[in-house]
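Numbers here simply count residues along the sequence, with the first being 1.
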Amino acid sequence: MILTDTHTHLYSEAFDEDRGEAIEKAIQSGVKRFFIPAIDSTYTSAMLTLEEAYPDNVFLMMGLHPTHVKENYHVELVHIEEMLAQRKFYAVGEIGIDLFWDKTFLKEQQDAFRHQIQLAKKYKLPIVIHCRDAFEEVFEILEEQKGDDLRGIFHCFTGTLEQAKLAISYNMKLGIGGVVTFKNGKIDKFLNEIDIENIVLETDAPYLAPTPFRGKRNESAYIVNVAQKLAEIYNKDIAEIAEITTRNSESVFGV
């Protein structure tokens with residue numbers, strides 16, 4: 001059984017004490033593929049180090065996280081373009097709009113999101129979208145940028161059935177993580193109405209740990225709990241969920 005974590009911040013400071021152990025634990029649990037989203041340029045070095053340590057398991061993205069879009073975002077975008085020109089990445093992400101914490105830089109977030117989608121198209125890469133309290137704003141830009149060259153993952157999807165269908169219409173897979181196991185997570189109520197071919201698994205470690213670990217540090221190993229919940233929702237066994245969602249991830253990332 002091969003599970004794929006399509007979104008895990010294994011370079012995060014939260015893993016500084018036991019990174020190797022956490023990764024080995026995940027691998028022993030069947031998680032063989034880790035896709036690593038970027039936050040900003042301050043983490044690039046740590047991401048490259050992680051890839052060097054686990055070249056067969058770790059696949060890097062490049063991008064500017066919306067909560068890190070500040071006055072200097074143009075400098076960050078230059079860094080992203082330089083990195084994309086230098087070497088192989090598997091997606092542009094995580095990118096998008098986040099209005100949960102702060103609306104100060106909405107215009108800059110929109111500009112950065114749009115610019116990074118265009119970079120993804122230039123390098124023929126998928127995008128990985130972060131959206132929090134900003135479905136309307138994200139969909140507005142996806143509508144503007146839609147086309148055969150727009151594709152990717154709607155990371156940590158927490159919207160409605162209608163929003164799920166709209167995301168899929170823009171060639172997005174839905175990234176399903178710990179929220180699907182929450183009692184108040186809501187998406188478990190309609191997920192079986194979405195074709196499983198549109199689903200990929202993720203943890204967003206170290207954030208959003210699934211039940212029964214909710215409130216603790218999330219780990220890639222806990223994707224097994226997410227897969228188990230999907231097995232219940234789709235009435236399939238966990239090995240089949242692993243096979244289908246890994247295949248779906250391959251269709252997005254090309255690996």
Side-chain angles (χ1 to χ4, degrees), residues 1-8 26 29-37 57 59 61 89-96 117 120-121 124-131 135 138-139 142-143 145-182 185-204 208 210 220 222-255:
M1 184 172 78
I2 296 177
L3 286 156
T4 299
D5 189 346
T6 61
H7 201 108
T8 177
S29 300
V31 192
K32 303 292 197 292
R33 293 151 48 83
F34 306 90
F35 287 83
I36 312 295
N57 307 98
F59 306 88
M61 309 179 204
F89 289 94
Y90 293 89
V92 175
E94 63 190 281
I95 65 176
I117 290 174
K121 290 180 175 185
K124 297 180 169 53
L125 293 173
I127 61 172
V128 172
I129 300 172
H130 172 108
C131 172
F135 278 105
V138 164
F139 283 134
L142 291 180
E143 175 64 25
Q145 299 290 325
K146 70 181 178 183
D148 292 340
D149 55 354
L150 178 70
R151 61 193 175 86
I153 295 172
F154 211 109
H155 149 63
C156 192
F157 184 80
T158 55
T160 63
L161 175 59
E162 291 71 26
Q163 288 166 333
K165 289 177 177 176
L166 187 54
I168 291 164
S169 77
Y170 293 117
N171 297 326
M172 299 295 143
K173 305 284 190 200
L174 305 182
I176 303 300
V179 173
V180 77
T181 69
F182 297 172
K186 298 179 183 174
I187 59 172
D188 60 310
K189 303 293 189 289
F190 66 77
L191 211 54
N192 65 350
E193 297 183 50
I194 299 293
D195 191 321
I196 196 169
E197 299 298 326
N198 297 308
I199 303 293
V200 292
L201 301 183
E202 61 169 62
T203 59
D204 201 18
L208 292 172
S220 284
Y222 298 162
I223 206 164
V224 173
N225 299 77
V226 178
Q228 187 59 57
K229 181 66 176 181
L230 286 191
E232 294 168 17
I233 290 171
Y234 285 101
N235 196 27
K236 297 180 183 296
D237 64 51
I238 191 168
E240 193 175 358
I241 295 293
E243 181 188 351
I244 294 168
T245 55
T246 287
R247 188 172 67 235
N248 295 346
S249 74
E250 290 168 351
S251 77
V252 174
F253 295 115
V255 64

Asker: Are side-chain heavy atoms of Asn248 and Glu197 found at a separation under 4.5 Å?
Answerer: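 With C-beta onward as the side chain, the pair touches.
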Asker: Which heavy atom in Leu208 sits nearest to a heavy atom in Phe182, and how many Å separate them?
Answerer: CD2-CE1, 4.3 Å
Asker: For Asn235, is the CG atom crowded, meaning more than 12 foreign heavy atoms sit under 6.0 Å from it?
Answerer: no
Asker: Nearest 0.5 Å, please: how far is SG in Cys131 from CZ in Phe157?
Answerer: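 Nearest 0.5 Å value for the CZ-SG distance: 8.5 Å.
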Asker: Going by the angle between their ring planes, with limits at 30° and 60°, are His130 and His155 parallel, tilted or perpendicular?
Answerer: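 Because their plane-to-plane angle lies in the 30° to 60° range, the rings of His130 and His155 count as tilted.
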Asker: In residues 222-229, what donor-acceptor pairs under 3.5 Å come from side-chain atoms, sequence neighbours left out?
Answerer:
none

Asker: Counting N and O atoms only, with roles assigned by atom type, does the side chain of Tyr90 sit under 3.5 Å from a partner on the main chain of Val252, one being a donor and the other an acceptor?
Answerer: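 No; zero donor-acceptor contacts below 3.5 Å.
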Asker: I'd like to know if the side chain of Asn171 and the backbone of Leu150 have a donor-acceptor N/O pair within less than 3.5 Å.
Answerer: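 A pair under 3.5 Å: yes.
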Asker: Do the non-hydrogen side-chain atoms of Pro126 and Ile153 ever get within less than 4.5 Å of each other?
Answerer: no
Asker: Please identify each residue that fulfils side chain to side chain donor-acceptor pair (under 3.5 Å) with Tyr170, with sequence neighbours left out.
Answerer: Glu143
Asker: Are the side chains of Ile168 and Leu174 in contact, using a 4.5 Å heavy-atom criterion?
Answerer: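 Counting from C-beta outward, Leu174 and Ile168 do come under 4.5 Å.
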Asker: For Ser220, give me all partners under side chain to side chain donor-acceptor pair (under 3.5 Å), at least two apart in sequence or on another chain.
Answerer: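 Result, side chain to side chain donor-acceptor pair (under 3.5 Å) vs Ser220: Asp5, Thr8.
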Asker: Hey, does the side chain of Gln163 reach the backbone of Thr160 with a donor-acceptor pair shorter than 3.5 angstrom?
Answerer: yes
Asker: Quick check for you: to the nearest 0.5 Å, what is the distance between Tyr234 atom OH and Ile241 atom CD1?
Answerer: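 It is 7.5 Å, given to the nearest 0.5 Å.
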Asker: Under the criterion side chain to side chain contact (heavy atoms under 4.5 Å, CB included), which of Thr181, Ile233, Leu230 is the partner of Ile176?
Answerer: Leu230
Asker: Using every non-hydrogen atom in the two residues, find where Phe154 and Leu142 come nearest and quote the distance to one decimal.
Answerer: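 What the structure gives for the nearest pair is CE1-CD1, 4.4 Å.
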Asker: Quick one: CD1 on Ile238 to OG1 on Thr245, what's the gap to the nearest 0.5 Å?
Answerer: 9.5 Å
Asker: Can you list everything that forms a salt bridge (Lys or Arg N to Asp or Glu O under 4.0 Å) with Asp237? Sequence neighbours excluded, please.
Answerer: none
Asker: Could you walk me through whether Met61 and Val128 satisfy the side chain to side chain contact (heavy atoms under 4.5 Å, CB included) test, starting with their C-alpha distance in whole Å, then the side-chain angles of each, then the deciding distance to 0.1 Å, before giving a yes or no?
Answerer: CA-CA 9 Å; Met61 309 179 204; Val128 172; 3.7 Å; yes
Asker: Would you name the heavy atoms of Gly175 and Glu202 that are closest together and state the gap between them?
Answerer: CA-OE1, 3.4 Å
Asker: Can you name the side chain to side chain donor-acceptor pair (under 3.5 Å) partners of Thr246, sequence neighbours left out?
Answerer: Thr4
Asker: Considering only heavy atoms from C-beta outward, does the side chain of His7 approach that of Thr203 to under 4.5 Å?
Answerer: no
Asker: In chain order, what residues pass the side chain to side chain contact (heavy atoms under 4.5 Å, CB included) check against Ala242, with sequence neighbours excluded?
Answerer: Met1, Leu3
Asker: Could you tell me the separation between the CG atom of Asp148 and the NZ atom of Lys121, rounded to the nearest 0.5 Å?
Answerer: 10.0 Å
Asker: Side chain of Arg151, backbone of Met172: donor and acceptor closer than 3.5 Å?
Answerer: no
Asker: I'd like to check the side chain to side chain donor-acceptor pair (under 3.5 Å) partners of Lys32; sequence neighbours left out, ordered by chain and number.
Answerer: none
Asker: What pairs with Phe35 under ring-ring contact (aromatic ring centres under 6.0 Å, His included), at least two apart in sequence or on another chain?
Answerer: Phe59, Phe253
Asker: Output all residues satisfying side chain to side chain contact (heavy atoms under 4.5 Å, CB included) with Glu243, sequence neighbours left out; order by chain, then residue number.
Answerer: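 Counting only residues at least two positions away or on another chain, Glu243 forms a side chain to side chain contact (heavy atoms under 4.5 Å, CB included) with Arg247.
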Asker: Holding to salt bridge (Lys or Arg N to Asp or Glu O under 4.0 Å), I want the full list of residues that pass it with Glu250, two or more places apart in sequence or in another chain.
Answerer: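 With neighbours one apart ignored, the set is empty.
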Asker: For Lys165, enumerate each residue passing the side chain to side chain contact (heavy atoms under 4.5 Å, CB included) test, keeping only those at least two apart in sequence or located in another chain.
Answerer: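 Partners of Lys165 by the side chain to side chain contact (heavy atoms under 4.5 Å, CB included) criterion, ordered by chain and then number, come out as Leu161, Ile194.
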Asker: List the residues meeting side chain to side chain contact (heavy atoms under 4.5 Å, CB included) with Ser169, not counting sequence neighbours, and say none if there are none.
Answerer: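 Side chain to side chain contact (heavy atoms under 4.5 Å, CB included) check on Ser169 returns Leu166.
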Asker: For atom NZ of Lys186, decide whether the heavy atoms of other residues, nucleotides or ligands shown that lie under 6.0 angstrom number more than 12.
Answerer: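 No, the 6.0 Å shell around NZ holds no more than 12 heavy atoms from other groups.
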Asker: Using a 4.5 Å cut-off on heavy atoms from C-beta on, say whether the side chain of Arg33 contacts that of Ser249.
Answerer: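 In contact.
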